[in-house]
Amino acid sequence: MTETTHLRSVDEVIERLGGTVAVREMTAVRTNQAVWEWRNRGVIASKFYVMMTEVLAAQGCTAEPALWGQKEAGDPQRPGKGDADRIPA
């Protein structure tokens, strides 16, 4: 059985995907600086979540959805099913 590698930082994700230049080409952002900004902020542009996580999965990797600014179900910052009674009117 193949072991899954779990990535916990933007730097790990970018390096696993081939580095700054490879990620710029993969995402078609205009400059390497855009990718460096993701590294500096610690968050990748959310519109690349599905594409990048699919590529990572093909490599046997997973990563925290929060690295793309995604909120998980039950996150106190995002209402989810059953949370309606906890949201102030």
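Position 1 is the first residue of the sequence; numbering continues from there.
- Cluster annotation: Leu7 and Met26 are assigned to the same hydrophobic cluster (Ile/Leu/Val/Met/Phe/Trp/Tyr, side-chain heavy-atom contacts under 4.5 Å, transitive).
- Looking at Glu37, its side chain never comes within 3.5 Å of a backbone N or O of Gln33 through a donor-acceptor pair.
- We find the CD1-CH2 distance between Ile14 and Trp36 to be 8.0 Å, quoted to the nearest 0.5 Å.
- Remark: Thr20 pairs with Arg39 by the side-chain hydrogen bond (donor to acceptor under 3.5 Å, both in side chains) rule, at least two apart or across chains.
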Please assess Val13 against Leu67 for the test side-chain contact (heavy atoms from CB on, under 4.5 Å), listing each intermediate value before the final yes or no. CA-CA 9 Å; Val13 168; Leu67 297 176; 3.8 Å; yes
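- Between the OG atom of Ser9 and the CD atom of Glu15 there is a distance of 9.0 Å, given to the nearest 0.5 Å.
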In residues 46-63, what donor-acceptor pairs under 3.5 Å come from side-chain atoms, sequence neighbours left out?
from: Thr53; atom 1: OG1; to: Tyr49; atom 2: O; distance (Å): 2.7
from: Thr53; atom 1: OG1; to: Val50; atom 2: O; distance (Å): 3.2
from: Thr62; atom 1: OG1; to: His6; atom 2: ND1; distance (Å): 2.6

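- Follow the hydrophobic side-chain contacts under 4.5 Å out from Val29 and you reach Val10 in the same cluster.
- Qualifying side-chain hydrogen bond (donor to acceptor under 3.5 Å, both in side chains) partners for Glu25, counting only residues two or more places apart in sequence or in other chains: none.
- Residues Trp38 and Asp11 fail the side-chain proximity criterion, which asks for heavy atoms closer than 4.5 Å.
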